[in-house]
*Asks:* 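Below: one structure in structure tokens.
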Amino acid sequence: MSAHSSDVASKPEGQAILVPQFHSSSAMVVGGTSGVGLATARQLALAGVPRLSLIGRNIERGKQAREDLLTCVPGLAVHFIACDANDLVQAQHAVAEAARLMGAVDILINCTADNARYRPEPLLRIAPESIAPTLLSVALPVMQMSRLVLPLMQARRGGVILNVASDAAKVPTPGETVLGAAMAAICVFSRTLAMEAKRYGVRVNALTPSLIEGTLTAAHVQESGFSAKLFEQVRSMASLGVCLPDDLAQLMVFLASPAAAKLTGQVISVNSGISAG
């Protein structure tokens with residue numbers, strides 16, 4: 001720790017910290033059109049968050065997700081904003097539009113760990129030219145979205161940022177050299193941002209699941225080959241049962257709630273006992 005780090009992280013004098021209450025909060029869920037993101041949006045709405053913005057690339061899936069949430073919670077103010085979070089211009093537009101539509105962004109969920117296009121393989125089988133795109137597509141959206149939303153939360157003196165990574169960040173796993181490195185970047189980013197943002201009342205935590213059933217990523221990695229064998233082994237280690245999207249969503253709702261107002265800078269595994277740490 002540097003000599004001046006405590007000064008950087010200290011709370012500005014005379015400025016009260018806001019702990020967002022669900023009934024008056026607005027949430028932005030990046031990757032909120034399917035899987036864990038959609039499950040989290042649904043659970044937030046059921047918990048009383050009245051305004052939601054779903055961010056995703058697939059317009060049809062986004063429209064369907066919005067309809068699903070309205071069916072689940074009639075009267076919910078829910079918007080879909082088409083955006084590729086890897087693209088800075090699109091990300092800037094999405095954040096500005098979400099703030100305009102909802103009036104604020106109190107909760108940011110980054111569920112964009114885009115390994116749906118990445119299948120675990122030993123490093124020697126990975127094309128060198130695919131390494132940089134994988135690193136960027138997994139880690140960059142989380143960093144960009146957090147950076148763009150942070151000034152909004154700073155101005156309101158409070159907020160919550162939750163980032164989804166993977167246990168590949170913690171557990172060295174054959175076939176996940178590049179993916180693990182990208183996920184580790186998300187985890188260190190989250191912990192460091194938590195130390196920077198606490199002075200503004202902004203809490204930052206990360207979740208690192210392993211296999212999650214019923215997601216596009218799970219379907220992709222279990223299709224065939226090395227990754228299918230890897231995740232069959234992972235499945236056999238899930239003594240408490242393979243996780244479902246709602247298992248992650250319920251924890252994220254807790255972490256976003258006032259009940260977790262003193263919890264920040266943590267990287268939490270939800271993996272049914274596949275690993276510990």
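Computed from a predicted model, the values in this text were never measured in an experiment.
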*Asks:* State, yes or no, whether a side-chain contact exists between V30 and L108 at a heavy-atom distance under 4.5 Å.
*Replies:* yes

*Asks:* Taking all non-hydrogen atoms of both residues into account, name the closest pair between V178 and L135 and its distance.
*Replies:* O-CD2, 3.8 Å

*Asks:* Would F254 end up clustered with L52 when hydrophobic side chains under 4.5 Å apart are linked, directly or stepwise?
*Replies:* yes

*Asks:* Distance-only, no hydrogens or angles: does the Q154 side chain make a donor-acceptor pair with backbone N or O of Y200 under 3.5 Å?
*Replies:* no

*Asks:* Quick one, L251 and D247 - any side-chain contact, counting heavy atoms below 4.5 Å?
*Replies:* no

*Asks:* Any idea which heavy atoms bring E121 and I126 closest together, and the distance?
*Replies:* O-CD1, 3.5 Å

*Asks:* For a side chain to side chain contact (heavy atoms under 4.5 Å, CB included) check, start with the C-alpha distance between M252 and V164, then their side-chain angles and the critical distance, and finish with the verdict.
*Replies:* CA-CA 10 Å; M252 283 206 270; V164 178; 3.9 Å; yes

*Asks:* Please answer whether the main-chain N or O of G201 pairs with a side-chain N or O of R157 as donor and acceptor at a distance below 3.5 Å.
*Replies:* no

*Asks:* Which residue pairs pass the salt bridge (charged side-chain N to carboxylate O under 4.0 Å, His left out) test when at least one of the two sits in residues 31-53, sequence neighbours left out?
*Replies:* none

*Asks:* Which atom names give the shortest non-hydrogen contact between N58 and F80, and what distance separates them?
*Replies:* O-CZ, 3.7 Å

*Asks:* Flag yes if I186 and L88 sit in one hydrophobic cluster, no otherwise; membership is Ile, Leu, Val, Met, Phe, Trp, Tyr, and two members link when side-chain heavy atoms are under 4.5 Å apart.
*Replies:* yes

*Asks:* Report yes if the side chains of T192 and V204 come closer than 4.5 Å at any heavy-atom pair, otherwise no.
*Replies:* no

*Asks:* Is atom CD1 of I59 surrounded by more than 12 heavy atoms (other residues, nucleotides or ligands) closer than 6.0 Å?
*Replies:* no

*Asks:* What's the shortest heavy-atom distance between S53 and M102, and which atoms?
*Replies:* OG-SD, 3.3 Å

*Asks:* May I have the step-by-step check of side chain to side chain contact (heavy atoms under 4.5 Å, CB included) for L101 and I81, ending in yes or no?
*Replies:* CA-CA 10 Å; L101 290 168; I81 302 171; 4.3 Å; yes

*Asks:* Do side-chain atoms of N205 reach the backbone of Q266 as a donor and acceptor pair under 3.5 angstrom?
*Replies:* yes

*Asks:* For S25, enumerate each residue passing the side chain to side chain contact (heavy atoms under 4.5 Å, CB included) test, keeping only those at least two apart in sequence or located in another chain.
*Replies:* P20, D106, I107

*Asks:* Under 4.5 Å between side-chain heavy atoms, hopping through other hydrophobics if needed: is there a path connecting V253 to L263?
*Replies:* yes

*Asks:* Let me check something: do V188 and M183 share a hydrophobic cluster, defined by ILVMFWY side-chain heavy atoms less than 4.5 Å apart, either directly or through other members?
*Replies:* no

*Asks:* Between L54 and V78, is a side chain to side chain contact (heavy atoms under 4.5 Å, CB included) present by the stated rule, with each step listed?
*Replies:* CA-CA 7 Å; L54 308 178; V78 55; 4.1 Å; yes

*Asks:* For residues 141-150, tabulate all N or O donor-acceptor pairs below 3.5 Å that involve a side-chain atom, not counting sequence neighbours.
*Replies:*
unit_1: Q144; atom_1: NE2; unit_2: A85; atom_2: O; d: 3.0
unit_1: S146; atom_1: OG; unit_2: N110; atom_2: ND2; d: 3.3
unit_1: S146; atom_1: OG; unit_2: V142; atom_2: O; d: 2.8

*Asks:* If you look at every heavy atom in A139 and A182, which pair is closest and at what distance?
*Replies:* CB-O, 3.9 Å

*Asks:* Could you walk me through whether L255 and I268 satisfy the side chain to side chain contact (heavy atoms under 4.5 Å, CB included) test, starting with their C-alpha distance in whole Å, then the side-chain angles of each, then the deciding distance to 0.1 Å, before giving a yes or no?
*Replies:* CA-CA 11 Å; L255 292 172; I268 305 170; 4.1 Å; yes

*Asks:* Would a hydrophobic clustering, with Ile, Leu, Val, Met, Phe, Trp and Tyr connected at side-chain separations under 4.5 Å, put V29 with F22?
*Replies:* yes

*Asks:* Please identify which of these residues, T264, V202, I109, V105, meets the side-chain contact (heavy atoms from CB on, under 4.5 Å) condition with I161.
*Replies:* V202

*Asks:* Under 3.5 Å, side chain of Q43 to main-chain N/O of A41, donor-acceptor pair present?
*Replies:* no

*Asks:* For residues 91-100, which residue pairs pass the side chain to side chain donor-acceptor pair (under 3.5 Å) check, not counting sequence neighbours?
*Replies:* E97-R100

*Asks:* Between P245 and A39, which heavy-atom pair has the shortest distance, and what is it?
*Replies:* CB-CB, 3.8 Å

*Asks:* Can you list every side chain to side chain donor-acceptor pair (under 3.5 Å) pair that touches residues 64-74, not counting sequence neighbours?
*Replies:* Q64-D68

*Asks:* What pairs with A99 under side chain to side chain contact (heavy atoms under 4.5 Å, CB included), at least two apart in sequence or on another chain?
*Replies:* L152

*Asks:* May I ask you to decide if T208's main-chain N or O and K170's side chain share a donor-acceptor pair within less than 3.5 Å?
*Replies:* no

